[in-house]
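Worksheet for the structure shown next.
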Amino acid sequence: MLQVSYIRQNKEQVISGLQKKNFKDLTVIDQIIEADDLRKDWQRKLDDYLAESNKLAKEIGQLFKEGKTQEANDKKARTAELKELSREANDQVNATQEQLNLLLFKVPNLPHSSVPTGHSAEDNEVVKEWGQMPQLPADAVPHWELTEKYDIIDFKLGNKITGAGFPVYKGQGARLQRALINFFLDQAVAQGFNEIQPPLMVNEDSGFGTGQLPDKEGQMYYVNEDKLYLIPTAEVPITNIFRDVIVNAKDFPIKNTAYSQCFRREAGSYGKDVRGLNRLHQFDKVEIVVIESPEKSYEQLETMSLYVQSLLQKLELPYRVLRLCGGDMSFTSALTYDMEVYSAAQQRWLEVSSVSNFESFQANRLKLRYKDENGKTQLAHTLNGSALALPRIVASLLENNQTDKGIRIPKALVPYTGFEYIQ
RNA sequence: GGAGAGGUGCUCGAGUGGUUGAAGAGGCACGCCUGGAAAGUGUGUAUAUGUCAAAAGCGUAUCGAGGGUUCGAAUCCCUCUCUCUCCGCCA
C-alpha cells in the first residue's frame with residue numbers, strides 16, 4: 001500500500017501512475033487526503049484531551065499527597081468530562097483510520113517509468129528472446145498425451161483421489177519433479193540465496209502482509225477450523241519472516257529462497273488454458289525473495305531476471321522475456337518481467353516465472369524497514385520471482401524434447417534425474 | 001483434549017496503582033585509555049504518530065491483543081491469543 005505522505009506530496013505523479021495502470025477511480029486520491037485530514041483532526045483532539053487529562057491526574061495525585069482532598073475532588077469533575085470527550089474522539093480516530101485504510105487498500109502500486117502503457121497481455125513488451133524453436137516430428141503431441149503415453153503424470157487418478165487440478169506424479173514423472181526441485185534449489189544456493197523451508201499454511205496477518213488479503217481471499221484455500229490459509233506461493237511465508245522487522249542496511253541484499261508446494265483455488269478458470277499442466281490447484285515452485293535498499297532495487301531486479309533466465313538456458317528451453325504493461329501488471333508490482341517458455345506441441349508461450357519489484361508497497365504493509373546511514377528508519381524494497389514454477393516447465397520439456405527414443409532430459413538435469421530419457 | 005504456569009525494551013531480568021518509556025545486567029554504537037588489542041572507563045542505545053519546510057524540542061500512544069475499573073494501570077478485573085510444564089493422543 002502506498003504511503004499517505006507520499007500521496008499527499010506527489011499527487012500528480014500518483015494520478016498519472018494510476019492512469020498508466022488503468023486504475024479508473026481517481027477520485028479516491030482526493031478521498032484519501034480528505035480522510036487523512038479528518039483522521040488527523042480527531043487524533044489531534046484526542047491527544048489534547050489526553051494531555052490535559054494526564055496533567056490533571058498528576059496534579060490530583062499531588063494534591064492527595066498533600067492532603068488537599070477538597071481541591072483534588074474539585075479537579076475530578078474536569079477529568080470526568082475529559083474522559084467522555086476522549087472516548088468520543090478515540091472512536092472517531094478509529095473510525096476515520098479504518099475509513100482511510102479501506103481507501104488505501106484500493107490503490108495499486110505505481111508503475112515504474114519504464115512500464116509500457118497498455119491494457120492487456122497484447123501490450124506487453126518483448127524485451128528478449130532466446131533459443132531455437134524446436135522442430136518437432138509430424139506426430140508430435142501435447143504434453144497431456146505424453147504424460148499418459150509414458151505413464152508419468154496421472155490426471156485421472158488425481159481426479160479420483162482429490163479432484164481436477166491435483167495430478168499424481170508417477171515413476172519417472174515423480175523423479176523428474178524431484179530432480180527439478182533439487183536443481184533449482186542448488187542453483188539458487190550457489191547464487192547466494194539462503195534456503196528456507198517455510199510453513200505451507202499461514203495466518204491472516206501474513207496473508208494481509210503480502211497483499212493476498214483482503215482482496216484475493218477467494219484465491220486461497222482456507223482451513224476454517226484453524227483460521228489458516230494454504231499458501232498460494234512461498235512468497236507469503238518467506239516475505240512475512242520480515243513482517244514488523246527493522247533490518248540492518250549492511251545486510252542488503254537479503255536473499256532467501258524456498259521450495260514449496262503452492263495451492264490455488266483458481267476459481268473461474270476453465271477450458272483449454274487449464275488443460276494438462278497449464279493450470280493446477282496444487283503445484284511445485286521454487287521462489288526467490290530479495291529485500292534490498294531503494295537505491296539498488298532495480299539493479300537487483302535485473303540480476304534476478306538474468307538469474308531466472310540462466311535456469312531456462314540450462315534447461316535448453318526457448319524463452320522470451322516480457323516487460324508487462326501497466327494494465328497487465330499485478331496490483332502490488334511496480335515493474336514485472338514475465339518469462340515465458342515455448343511449448344512446441346501446444347504452439348504457445350507459457351508463463352513460468354514472474355519477477356517483480358514491489359518497491360516499498362509491500363514493505364509498507366509489512367512494516368519492513370531498515371536504518372539508513374543517518375540512522376533514520378525507512379521502508380525497504382521487496383522483490384521476488386519464481387525460479388521456477390514446475391508444471392509448465394515440465395509441459396514444455398516434455399513437448400519440446402519428444403523423440404522416437406523417448407523424451408530427452410536436458411544435460412544439466414541428468415545428474416539429478418539419473419536417466420537421460422523418459423521411456 | 002484435560003490441569004497448571006507465564007507473556008516486560010536487541011537479550012536476560014526487576015517491577016502488585018502515582019514524576020516507570022520502564023531499575024539492573026548483558027549486548028551493541030561512539031569516545032577515552034592503549035603501540036595495537038583486551039581489560040577498564042564515560043556516553044548513548046525503541047517504534048509510531050501529531051506539531052514543523054526540516055531538525056531540535058514538545059504532545060500522544062505502545063510492557064502479547066482488545067475491552068473495563070480508577071483522577072491515575074506494566075501493575076486490579078474480563079475476553080482473546082501465544083508460549084511453557086504435566087497428563088492424554090499421536091507421525
Side-chain angles (χ1 to χ4, degrees), chain A residues 1-11 32-101 103-104 197 199-209 213 222-229 237 240-251 254 261 291 360 362-380:
Chain A
M1 116 185 138
L2 296 176
Q3 295 182 89
V4 183
S5 57
Y6 183 87
I7 294 175
R8 297 189 86 107
Q9 284 161 29
N10 306 278
K11 197 174 150 187
I32 284 171
I33 293 172
E34 274 171 46
D36 190 45
D37 285 338
L38 203 59
R39 195 206 95 241
K40 277 191 197 170
D41 284 346
W42 281 110
Q43 184 70 56
R44 213 170 304 147
K45 273 183 203 158
L46 175 62
D47 286 355
D48 289 346
Y49 295 145
L50 290 174
E52 189 181 345
S53 210
N54 286 343
K55 206 173 127 226
L56 281 173
K58 276 183 193 162
E59 288 172 11
I60 291 169
Q62 191 58 36
L63 288 170
F64 273 126
K65 228 176 247 175
E66 292 166 8
K68 299 176 182 166
T69 323
Q70 186 55 48
E71 271 182 68
N73 284 327
D74 290 347
K75 292 207 182 208
K76 282 193 193 176
R78 177 60 181 159
T79 59
E81 224 174 282
L82 285 168
K83 192 167 197 176
E84 199 41 53
L85 287 167
S86 57
R87 196 181 309 235
E88 205 178 299
N90 191 45
D91 288 348
Q92 289 294 336
V93 167
N94 289 339
T96 50
Q97 179 69 60
E98 199 176 321
Q99 180 60 30
L100 176 62
N101 283 343
L103 292 167
L104 284 170
Q197 277 201 27
L200 301 182
M201 292 196 222
V202 295
N203 58 29
E204 201 178 334
D205 284 346
S206 294
F208 183 80
L213 298 177
Y222 183 56
V223 181
N224 194 43
E225 189 75 15
D226 299 287
K227 298 191 165 65
L228 295 173
Y229 294 88
N240 271 285
I241 292 173
F242 298 94
R243 173 153 47 87
D244 285 317
V245 168
I246 300 179
V247 298
N248 200 322
K250 276 185 270 183
D251 297 332
I254 299 169
Q261 302 194 301
I291 297 163
S360 59
Q362 251 183 358
N364 191 30
R365 276 203 187 185
L366 288 163
K367 301 206 184 73
L368 161 52
R369 291 154 297 170
Y370 72 100
K371 276 202 198 302
D372 66 15
E373 322 76 69
N374 305 317
K376 221 180 141 186
T377 48
Q378 303 219 29
L379 292 174

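We name chains A, B, ... by the order of the sequence lines, and we start the count at 1 in each one. Everything quoted here is computed from the prediction, not taken from an experiment.
- The gap from the P atom of U69(B) to that of G57(B) amounts to 36 Å, rounded to the nearest Å.
- Distance noted for atom P between G26(B) and A3(B): 43 Å (whole Å).
- Partner assigned to U47(B) is A61(B), using Watson-Crick or G-U wobble distances below 3.5 angstrom.
- What separates CD of Glu52(A) from P of G59(B) is a distance of 15 Å, to the nearest Å.
- Atom C1' of C80(B) sits at a distance of 39 Å from the matching atom of G44(B), rounded to the whole Å.
- OP1 and OP2 of A61(B) both lie 4.0 Å or more from every side-chain N or O belonging to Arg44(A).
- Checking U83(B) for Watson-Crick or G-U wobble geometry (two distances, each under 3.5 Å) identifies A5(B) as its partner.
- Looking at Asn364(A), its side chain never comes within 3.5 Å of a backbone N or O of Ser360(A) through a donor-acceptor pair.
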Query raised in the report: Could you walk me through whether Leu100(A) and Ile32(A) pass the side chain to side chain contact (heavy atoms under 4.5 Å, CB included) check?
Result: CA-CA 6 Å; Leu100(A) 176 62; Ile32(A) 284 171; 3.9 Å; yes

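- Taking side-chain N and O atoms only, Lys376(A) has no distance below 4.0 Å to OP1 or OP2 of A48(B).
- Under the Watson-Crick or G-U wobble criterion, with both distances below 3.5 Å, G42(B) is paired with C30(B).
- For a distance-only test at 3.5 Å, the side chain of Asp47(A) fails to qualify as a donor-acceptor partner of the base of G50(B).
- Atom CG of Leu228(A) is separated from atom P of C82(B) by 10 Å (rounded to the nearest Å).
- Comparing the P positions of G42(B) and U8(B) gives an interatomic distance of 30 Å, to the nearest angstrom.
- The residue Leu63(A) sits apart from the nucleic acid: no heavy atom pair falls under 4.0 Å.
- Using the Watson-Crick or G-U wobble rule with both distances under 3.5 Å, A37(B) pairs with nothing in any strand shown.
- When heavy atoms are screened at a 4.0 angstrom cut-off, Arg369(A) is found touching the sugar-phosphate backbone but no base atom.
- With a cut-off of 3.5 Å on both Watson-Crick or G-U wobble distances, the partner of G66(B) is given as C78(B).
- Lys40(A) comes within 4.0 angstrom of sugar-phosphate atoms only, judged by non-hydrogen atoms across all strands, and of no base.
- Note on Asn54(A): only backbone sugar-phosphate atoms sit closer than 4.0 angstrom, heavy atoms only; bases stay farther off.
- For U75(B) and A61(B), the P atoms lie 15 Å apart once the distance is rounded to whole Å.
- Heavy-atom neighbours of Gln197(A) CD from other residues, nucleotides or ligands within 6.0 Å: at or below the threshold of 12.
- When rounded to the nearest whole Å, the span between CD of Glu81(A) and P of C71(B) equals 14 Å.
- Within a 6.0 Å sphere centred on CD of Glu204(A), heavy atoms belonging to other residues, nucleotides or ligands number 12 at most.
- Note on Leu50(A): only backbone sugar-phosphate atoms sit closer than 4.0 angstrom, heavy atoms only; bases stay farther off.
- Nucleotides A74(B) and A14(B) have their C1' atoms positioned 12 Å apart, rounded to a whole Å.
- Taking atom P on both A23(B) and A38(B), the two are 27 Å apart, rounded to the nearest angstrom.
- Using a 4.5 Å heavy-atom cutoff, the side chains of Phe64(A) and Thr69(A) are in contact.
- On the C1' atoms, A65(B) is 43 Å away from U41(B), given to the nearest whole Å.
- Residue contacts for Ser53(A): at a heavy-atom cut-off of 4.0 Å it reaches no nucleic acid atom on any strand shown.
- The residue Lys367(A) sits apart from the nucleic acid: no heavy atom pair falls under 4.0 Å.
- Dense packing is recorded around CD of Glu81(A), with more than 12 heavy atoms of other residues, nucleotides or ligands lying under 6.0 Å away.
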